[in-house]
Amino acid sequence: GFKVVAASPTEEQLDPTNPASDALIEQRIMVRFEDYGWCVGKITAKVNDGRRTIERDRVNFVAKFDVDNGAATDLSLESSMYDCSPSAEYQ
């Protein structure tokens, strides 16, 4: 099963250059994608390359989602983006 957390990761955990971010590796994540709805994934790596961006937002993690058939997905995670409600914004 899954456990919905009450708080988002800290700013330190979302900074891939901070050792606290190691705690997110191998953690499950649910992201709401516009064409797929809610998808379950696992954070697999940190990204320290500031040149990797998504619409000008720096990529800080990589995850693999069940719908990706094993492909990696870049993520730009920020604490303000965490929302587990049905009206959560699409990524």
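Please read these numbers as outputs of a predicted model, since none were measured by experiment.
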Engineer: Does the gap between the ring centers of Phe65 and Phe33 come in under 6.0 Å?
Structural biologist: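 Yes, close enough.
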
Engineer: Determine yes or no for a side-chain-to-main-chain donor-acceptor pair under 3.5 angstrom, with Ser76 supplying the side chain and Arg58 the backbone.
Structural biologist: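 Yes.
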
Engineer: Could you go through the side-chain contact (heavy atoms from CB on, under 4.5 Å) check for Cys39 and Val67 one step at a time?
Structural biologist: CA-CA 7 Å; Cys39 297; Val67 297; 3.9 Å; yes

Engineer: Would you say Asn60's side chain and Leu14's backbone share a donor-acceptor pair under 3.5 angstrom?
Structural biologist: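 Side chain of Asn60 to backbone of Leu14: a pair is present.
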
Engineer: Any side-chain heavy atom of Val62 sitting closer than 4.5 Å to one from Arg52?
Structural biologist: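 Contact flag for Val62/Arg52 side chains = yes.
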
Engineer: Would you indicate whether the side-chain heavy atoms of Asn18 and Gln13 approach each other to under 4.5 Å?
Structural biologist: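 Counting from C-beta outward, Gln13 and Asn18 never come under 4.5 Å.
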
Engineer: Looking only at side chains, do Thr17 and Asn48 share a donor and an acceptor under 3.5 Å apart?
Structural biologist: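 Checked: Thr17/Asn48 side chains show no N/O donor-acceptor pair below 3.5 Å.
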
Engineer: Look up atom CG in Asp15 and atom CG in Leu77, then write down how far apart they are to the nearest 0.5 Å.
Structural biologist: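 The CG atom of Asp15 sits 12.0 Å away from the CG atom of Leu77.
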
Engineer: Once rounded to the nearest 0.5 Å, what's the spacing between atom CD1 of Ile54 and atom OG1 of Thr73?
Structural biologist: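 One finds 9.0 Å between CD1 of Ile54 and OG1 of Thr73.
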
Engineer: Phe61, Ile29: one ILVMFWY side-chain cluster at the under-4.5 Å cut-off?
Structural biologist: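 Yes.
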
Engineer: Quick one: does Lys46's side chain get under 4.5 Å of Leu24's, heavy atoms only?
Structural biologist: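 Heavy-atom side-chain distance check fails, nothing below 4.5 Å.
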
Engineer: Determine whether Lys42 and Arg28 make a side-chain contact, defined as any pair of heavy atoms from C-beta on separated by less than 4.5 Å.
Structural biologist: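 When only atoms from C-beta onward are counted, Arg28 and Lys42 do touch, with a gap below 4.5 Å.
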
